[in-house]
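As structure tokens, the structure follows; a few thoughts come after it.
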Amino acid sequence: MLDALASSPLLTMMIVVAVGTLLGAIPFGPLRFGPAGALFIGLAVGALDPRLGEGLALVQTLGLALFVYTVGLSAGHTFVRDLRTQLPLMAGASLVLVVMTAVTVVVGGILGLTPAMSAGTFAGALTSTPALATAAERTGSDEPAVGYSLSYPVGVVVTILLVGLILSRPWAARRDPDSAARRGLVDISVEVERPTPLVDVPGVTDGSVRLSYLARGGRARVVRPVDELRVGDRVVVVGPAEAVARAREHLGHRVDQHLAHDRSEVDYRRFVVSDPRVAGRTIGELDVPGRLDGIVTRVRRGDLDLLASEEFVLELGDRVRVVVPRGRLGEVSELFGDSERKVSEIDALTLGVGLAVGLAVGLVALPLPGGVRFALGSAAGPLVVGLVLGRLERTGPLVWGLPMAANLTIRQLGLLLFLGATGLISGQAFASEAFSWTGLRVVTAAVTITLVAGLLFMLVARLAGVSSARAAGGLAGFVGQPAILAYANGRVTDERVEAGYAAMFALGLILKILLVQVIAA
């Protein structure tokens, strides 16, 4: 059996992925390991025979690059928008890593670990493969690899438990914008009691509400940006409940007969954004009022229902709700494409170019004092490039973003390949030391490092005033393990999770590469 598995690495990988997915779905109290199950099954299978972990470095790198690149694409716009919010958290996380460097040196000395073993334990507890590579190069021994393989699963499990604790006890965020997923949208019909220009309605100018229908003199039409509302007019107001309430107080009173129920003169429908010429452009740039006498009110992206402001940038796979005069729905369909088949296809050109640029950036090595060279590697390189391209959305005819469904599919596949390959590669080293006195000391140090780092990060997040969702994603990025992000996303639907992960991942990776050299010295 082992000979058959060793002769077919692809078969071995698929078995690990399948059984690991099954393990990840089993609840252990309130905890499910999710994709991390592939890591643990990989460790167990890799421990059976050293041949099972051979030749998987390319699969491991490919899986990691696919995962972090797709995370960067989806989080790029949010990351830039919320950068000011996340700066205090990033500064605090940097301080925590400096403190954890000192803690690792002290704990390693108390437990009798060599500097090389302590450096590997630090890299494994905070799941940083580039830091491990730096430690191995710095020490010229295999001790960092042993410490890494023993502490890596400890870092994953302990951090997943801490993320579960954060998400089970959410706290209010002083400085963090509310999640679009939590706010939700409502639409009501309001009768105007005082004349007012449309631009004077609270929320219209800043894009926190949208007005769609206007009924006047027994006829209904779509609201125009230049409209002057009169006494007796009826309008439909769309937006978050709080913003809609402010607009209603300014306009007049709510009426029970909802204008949107009458589709004799004005109609609406959701359309799929499948035309690459539309993706990457703002709703304002499309000029739907001028071209179609209509208005875009909402955008459905994944599981989120978002308000369609003029500055909202559309992505392939978005589903936009458009209100137009009856009979013009066909023109709207032509504008957006409205093809499910097209959004199920992947633009291999932009995906390949983006990944190639990310991997190339990861290869660029900068010399540092002490003869060490620093490179972002296959983890941070694609992530950073993904963030930049996700923010740009498009460059000329090239649309960098992926449809949400395609993004999530590629991300999940990349994550499972990375974790399964990592487990198979590390299985032998893990088994050789896991149940020895050295293994016990390394695991003790890893638990201490991960637990103290996680608790300090939680404290920093509370002091920085960010939400529990952003703190959970930030902790996943701070430790740097994709399975932890997947676990957090499985617990809560909140775009701030990925934004926190993206902010902390690249920062943490760079600092760990620098600080691990202090431990190994």
Quiz prompt | Contact check, side chains of Ser212 and Val222, non-hydrogen atoms, under 4.5 Å | solution = no

Quiz item: Which distance, rounded to the nearest 0.5 Å, do you find between the OG1 of Thr450 and the CG of Leu475?
Solution: 10.0 Å

Practice problem: Any chance you could measure Leu162, atom CG, to Phe457, atom CZ, to the nearest 0.5 Å? | Solution: 11.0 Å

Practice problem: Determine, stepwise, if the pair Leu389 / Leu392 fulfils side-chain contact (heavy atoms from CB on, under 4.5 Å). | Solution: CA-CA 5 Å; Leu389 297 181; Leu392 290 176; 4.2 Å; yes

Quiz item: Less than 4.5 Å apart, any side-chain heavy atom of Val322 and any of Phe336?
Solution: yes

Quiz item: How long is the span from the CG atom in Leu185 to the CZ atom in Arg298, to the nearest 0.5 Å?
Solution: 5.5 Å

Quiz item: What pairs with Arg326 under salt bridge (charged side-chain N to carboxylate O under 4.0 Å, His left out), at least two apart in sequence or on another chain?
Solution: Asp267

Exercise. Spell out, as yes or no, whether a donor-acceptor pair under 3.5 Å connects the side chain of Gln60 to the backbone of Ala421.
Key: no

Exercise. Would you please classify the geometry between the His261 ring and the His258 ring as parallel, tilted or perpendicular, with 30° and 60° separating the classes?
Key: perpendicular

Quiz item: Do Pro9 and Leu11 come close enough that some side-chain heavy atom pair is under 4.5 Å?
Solution: no

Exercise. Show your working on side-chain contact (heavy atoms from CB on, under 4.5 Å) between Val235 and Ser189 and close with a plain yes or no.
Key: CA-CA 6 Å; Val235 293; Ser189 294; over 6 Å; no

Quiz item: Atom OG1 of Thr205 and atom CG of Asp200: how far apart are they, to the nearest 0.5 Å?
Solution: 7.5 Å

Quiz item: Does Arg462 reach the main-chain N or O of Met458 with its side chain, forming a donor-acceptor pair under 3.5 Å?
Solution: no

Quiz prompt | Lys512 side chain vs Leu126 backbone, donor-acceptor pair below 3.5 Å | solution = yes

Quiz item: Within a strict 4.5 Å, meaning less than it, do heavy atoms of the Arg321 and Val296 side chains meet?
Solution: no

Practice problem: Please name the residue in the list Thr395, Thr350, Asp347 that meets the side chain to side chain donor-acceptor pair (under 3.5 Å) test with Trp400. | Solution: Thr395

Exercise. Might you point out which heavy atoms bring Glu393 and Gly390 nearest each other, and give the distance in Å?
Key: OE2-O, 3.3 Å

Quiz item: Looking at Pro153 and Leu43, what are the two nearest heavy atoms and their distance?
Solution: CG-CD1, 3.9 Å

Quiz prompt | Closest non-hydrogen atom pair, Met13 against Leu424 | solution = SD-CD1, 3.8 Å

Self-check item: Member of Val278, Asp318, Asp338, Leu335 meeting the side-chain contact (heavy atoms from CB on, under 4.5 Å) criterion with Phe271
Solution: Asp338

Exercise. Walk me through it: do Leu316 and Lys342 pass the test side-chain contact (heavy atoms from CB on, under 4.5 Å)?
Key: CA-CA 9 Å; Leu316 290 172; Lys342 286 186 177 180; over 6 Å; no

Quiz item: Taking all atoms of both residues into account, what is the closest heavy-atom pair of Met504 and Ala93, and its distance?
Solution: SD-CB, 3.7 Å

Practice problem: Answer yes or no for Arg221 and Tyr213: cation-pi contact, defined as NZ/CZ to six-membered ring centre under 6.0 Å and angle to ring axis within 45°. | Solution: no

Quiz item: Considering only heavy atoms from C-beta outward, does the side chain of Phe67 approach that of Leu485 to under 4.5 Å?
Solution: yes

Quiz item: Within a reach of under 6.0 Å around CZ of Arg270, are more than 12 heavy atoms found that belong to other residues, nucleotides or ligands?
Solution: yes

Exercise. Search all heavy atoms of Arg411 against all heavy atoms of Asn489 and return the closest pair with its distance.
Key: NH1-ND2, 4.3 Å

Practice problem: May I ask you to say whether Glu340 pairs ionically with Arg319, meaning some side-chain N is under 4.0 Å from a carboxylate O? | Solution: yes

Quiz prompt | Over all atoms of both residues, closest heavy-atom pair of Pro382 and Leu359 | solution = CG-CD2, 4.0 Å

Quiz item: Roughly how far, to the nearest 0.5 Å, is the CG atom of Asn407 from the CG atom of Leu73?
Solution: 6.5 Å

Practice problem: Nearest 0.5 Å please: distance from the CG atom of Asp293 over to the CD atom of Glu331. | Solution: 9.0 Å

Quiz item: Ignoring hydrogens and geometry, is there a side-chain-to-backbone donor-acceptor pair from Arg224 to Val226 under 3.5 Å?
Solution: no

Quiz prompt | Residue among Ile295, Val320, Val299 satisfying side-chain contact (heavy atoms from CB on, under 4.5 Å) with Ile283 | solution = Val299

Exercise. Check whether any side-chain heavy atom of Val384 lies under 4.5 Å from a side-chain heavy atom of Val361, and answer yes or no.
Key: no

Quiz item: Does Leu165 offer a backbone N or O that forms a donor-acceptor pair with the side chain of Ser168 under 3.5 Å?
Solution: yes

Quiz item: What do the steps show when you test Val59 against Phe418 for side-chain contact (heavy atoms from CB on, under 4.5 Å), and what is the final call?
Solution: CA-CA 7 Å; Val59 175; Phe418 166 69; over 6 Å; no

Practice problem: Could you tell me whether the side chain of Leu402 reaches within less than 4.5 Å of the side chain of Ile410, counting heavy atoms only? | Solution: yes

Quiz item: Should Val238 and Val236 count as side-chain neighbours, where that means a heavy-atom distance under 4.5 Å?
Solution: yes

Quiz prompt | Main-chain N/O of Ala123 paired with Thr127 side-chain donor or acceptor, under 3.5 Å | solution = no

Quiz prompt | Note: Asp187-Arg210 ion pair, threshold 4.0 Å (strictly below) | solution = no

Quiz prompt | Check ion pair Glu334-Arg328 (N to O, under 4.0 angstrom) | solution = no

Quiz item: With no hydrogens and no angle check, is any side-chain donor or acceptor of Arg394 less than 3.5 Å from a backbone partner on Arg281?
Solution: no

